[in-house]
Student: 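First, the structure itself, so that you have it in front of you.
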Amino acid sequence: MTRYTDVPARLGESALSDGRVLGWAEWGPSDGAPVLLCSGAATSRWLGFGAGVVEALGVRLVSVDRPGLGVSTPDPGRTFSDFAGDMRQLCVQRGLGQPGVVGNSQGAPFALACAAEGVVSALAVVSGADEVAGPEFASVLDADLRGLVERTERDPAGAEEFFAGFTADAMWDMVMTGSPGCDLAVYRDPDFAAGYRRALDEGFAQGAAGYARDTVLAMGRWPFALDEIAVPVDIWYGEQDRSHSPDNGALLAARVPGARHHVVPGIGGALLWTHAESILTGLLEKTITGQ
């Protein structure tokens, strides 16, 4: 039976210079090639990917609770740049150097911010939440999403208050009702479902303010210049993904210099778990060769 994820090998917390704490989890050998994971919406450090693969490839996979999620200290009003600064500190403290980074779903723009600020050496965007507030997408978003984007642009504080009403159960239901059958085969796997539910419960353990701040940042215009990203980038989408990008990342890939765009048939947003080996192999090659 395929294992999509596993329990962390190591859990810990690191104190930042301002006294806040970041929670983290690790998989794979402690002396392996470091790879950061910026995980999806409202999930804690608990949910990794690539069970067995990280060990075979010698990857030290590090997932971090964003501020306000899991055990990480809230940081009201934080920005993408603030998050990149936190990751820079964590990389120093944990001896990660300039790792590769994987940005999945809502974690994608946070990973892009780390790439834009030179915190990481290579990036894989996997089923990434796209910049839906971009004018290029205005005419193709469905009415509900367009309404949320406009609300976030018009009244970000009000939108943040609205998103702060979400719960772990609501997130679970949204994913389960909005995913194609190929993804549900992964999400309903008993081990995966248990890990995902735990990650959601931990993600909301301090309330929904952390998720709400993430969502307002991700759903608004991104402040970093994609065309100035200087590290190698792979952009991965499943062909059946209808949730993360209106064009499966085609425009996003065109905006990042030298980015390689991969659209994988037969899968949707569960791509991170079904194609972990290909994603990590490509990322490791880029951290080594810089191309």
Side-chain angles (χ1 to χ4, degrees), residues 3-16 20-30 32-51 53-55 59-75 78 82-96 99-111 113-114 119-120 124 126-129 168 171-172 175 187 191-215 217-218 272-273 276 279-280:
R3 287 190 304 129
Y4 298 108
T5 187
D6 212 341
V7 297
R10 297 169 293 279
L11 291 168
E13 301 174 12
S14 294
L16 301 176
R20 289 183 296 114
V21 166
L22 289 180
W24 49 263
E26 293 189 359
W27 295 259
S30 58
V35 172
L36 280 176
L37 171 62
C38 294
S39 60
T43 53
S44 75
R45 58 185 173 168
W46 182 260
L47 187 64
F49 72 100
V53 174
V54 293
E55 291 83 4
V59 168
R60 177 188 176 188
L61 181 66
V62 184
S63 182
V64 182
D65 288 339
R66 289 190 287 276
L69 276 65
V71 298
S72 290
T73 309
D75 187 16
R78 60 188 164 86
D82 291 334
F83 176 78
D86 287 351
M87 293 304 98
R88 192 185 301 276
Q89 284 195 55
L90 185 74
C91 287
V92 172
Q93 290 192 25
R94 300 292 303 153
L96 305 180
V101 63
V102 175
N104 175 239
S105 188
Q106 196 174 83
F110 294 92
C114 289
V119 177
V120 298
V126 185
S127 308
M171 289 295 298
W172 171 267
V175 171
Y187 300 153
D191 289 338
F192 182 91
Y196 185 35
R197 284 307 305 249
R198 175 168 181 168
L200 285 174
D201 289 342
E202 290 182 354
F204 283 100
Q206 301 183 68
Y211 161 72
R213 185 61 185 165
D214 282 356
T215 303
L217 289 173
L272 180 67
W273 294 280
I279 291 163
L280 285 172

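Positions are given from 1 along the sequence.
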Student: Got V7 and W46 here, is their nearest side-chain heavy-atom distance under 4.5 Å?
Tutor: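 Touching, per the 4.5 Å side-chain cut-off.
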Student: Measure the spacing between CG of L22 and CG of L16 and express it to the nearest 0.5 Å.
Tutor: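 Output value for this atom pair is 4.0 Å.
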Student: What's the spacing between D86 CG and T73 OG1 if we round to 0.5 Å?
Tutor: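 One finds 10.0 Å between CG of D86 and OG1 of T73.
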Student: Ignoring hydrogens and geometry, is there a side-chain-to-backbone donor-acceptor pair from R213 to R78 under 3.5 Å?
Tutor: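 Yes; at least one donor-acceptor contact below 3.5 Å.
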Student: Has S72 got a side-chain atom pairing as donor or acceptor with D65's backbone, closer than 3.5 angstrom?
Tutor: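 Yes; judged by distance alone, with no hydrogens or angles, the pair exists.
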Student: List for me each residue that meets ring pair (Phe, Tyr, Trp, His ring centres under 6.0 Å) alongside W273, sequence neighbours excluded, and say none if there are none.
Tutor: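 Only F192 meet the ring pair (Phe, Tyr, Trp, His ring centres under 6.0 Å) criterion with W273.
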Student: Could you pull out all donor-acceptor pairs under 3.5 Å where a side-chain atom in residues 100-107 meets a protein atom, sequence neighbours excluded?
Tutor:
{"unit_1": "N104", "atom_1": "ND2", "unit_2": "V126", "atom_2": "O", "d": "2.9"}
{"unit_1": "S105", "atom_1": "OG", "unit_2": "H244", "atom_2": "NE2", "d": "3.1"}
{"unit_1": "Q106", "atom_1": "NE2", "unit_2": "T215", "atom_2": "OG1", "d": "3.1"}

Student: Take D191 and Y4, measure what side-chain contact (heavy atoms from CB on, under 4.5 Å) needs, and give me the verdict at the end.
Tutor: CA-CA 8 Å; D191 289 338; Y4 298 108; over 6 Å; no
Student: Determine the minimum heavy-atom distance between G203 and S44, stating which atoms define it.
Tutor: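 So the two residues come closest at N-CB, 4.0 Å.
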Student: Using side-chain heavy atoms (C-beta onward) and a distance below 4.5 Å, is C91 in contact with L36?
Tutor: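 Of all side-chain heavy-atom pairs linking L36 with C91, at least one is under 4.5 Å.
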Student: With F83, which residues qualify under ring pair (Phe, Tyr, Trp, His ring centres under 6.0 Å), at least two apart?
Tutor: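 Residues passing ring pair (Phe, Tyr, Trp, His ring centres under 6.0 Å) with F83: F110.
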Student: Can L200 and T43 be said to form a side-chain contact (heavy atoms from CB on, under 4.5 Å), step by step?
Tutor: CA-CA 5 Å; L200 285 174; T43 53; 4.0 Å; yes
Student: Does some side-chain heavy atom of P74 sit less than 4.5 Å from a side-chain heavy atom of Q206?
Tutor: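 Q206 vs P74: side chains touch.
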Student: Could you tell me which residues satisfy ring pair (Phe, Tyr, Trp, His ring centres under 6.0 Å) with F204, sequence neighbours excluded, listed by chain and number?
Tutor: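 By the ring pair (Phe, Tyr, Trp, His ring centres under 6.0 Å) rule, F204 matches Y211.
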Student: Determine yes or no for a side-chain-to-main-chain donor-acceptor pair under 3.5 angstrom, with R60 supplying the side chain and P34 the backbone.
Tutor: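 Looks like no, no N/O pair under 3.5 Å.
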Student: Taking all non-hydrogen atoms of both residues into account, name the closest pair between W172 and Y187 and its distance.
Tutor: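 Nearest heavy atoms, W172 then Y187: CH2-O, 4.1 Å.
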Student: Can you give me the closest heavy-atom contact between A113 and A84, atom names plus distance?
Tutor: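 In this case the closest contact between A113 and A84 is O-CB, 4.1 Å.
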Student: Return yes if some donor-acceptor pair links the side-chain N/O of R66 with the main-chain N/O of S39 below 3.5 Å, else return no.
Tutor: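 Present.
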Student: For R88, give me all partners under side-chain contact (heavy atoms from CB on, under 4.5 Å), at least two apart in sequence or on another chain.
Tutor: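 Expected list: E117, V119.
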Student: Please check: side-chain N/O of E13 versus main-chain N/O of W24, any donor-acceptor pairing under 3.5 Å?
Tutor: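 Not confirmed, E13 side chain does not pair with W24 backbone.
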Student: Which heavy atom in E55 sits nearest to a heavy atom in G28, and how many Å separate them?
Tutor: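 Answer, listing the atom of E55 first, then G28: OE2-N, 4.1 Å.
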Student: To the nearest 0.5 Å, how far apart are CZ in F49 and CG in L280?
Tutor: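 The distance works out to 4.0 Å.
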Student: Can you sort out the partners of D6 under salt bridge (Lys or Arg N to Asp or Glu O under 4.0 Å), two or more places apart, ordered by chain and number?
Tutor: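 Per chain and number, D6 pairs via salt bridge (Lys or Arg N to Asp or Glu O under 4.0 Å) with R3.
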Student: Taking the side chain as every heavy atom from C-beta outward, state whether M87 and V64 have any atom pair closer than 4.5 Å.
Tutor: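 Of all side-chain heavy-atom pairs linking V64 with M87, at least one is under 4.5 Å.
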Student: Do Y196 and T5 touch side chain to side chain, with heavy atoms closer than 4.5 Å?
Tutor: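 No - every pair of side-chain heavy atoms lies 4.5 Å or more apart.
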Student: At their closest point, which heavy atom of L69 faces which heavy atom of A42, and how far apart are they?
Tutor: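 Nearest heavy atoms, L69 then A42: CD2-CA, 3.7 Å.
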Student: Okay, side chain of E202, backbone of V71: is any donor-acceptor separation there less than 3.5 Å?
Tutor: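 Not a single qualifying donor-acceptor pair exists.
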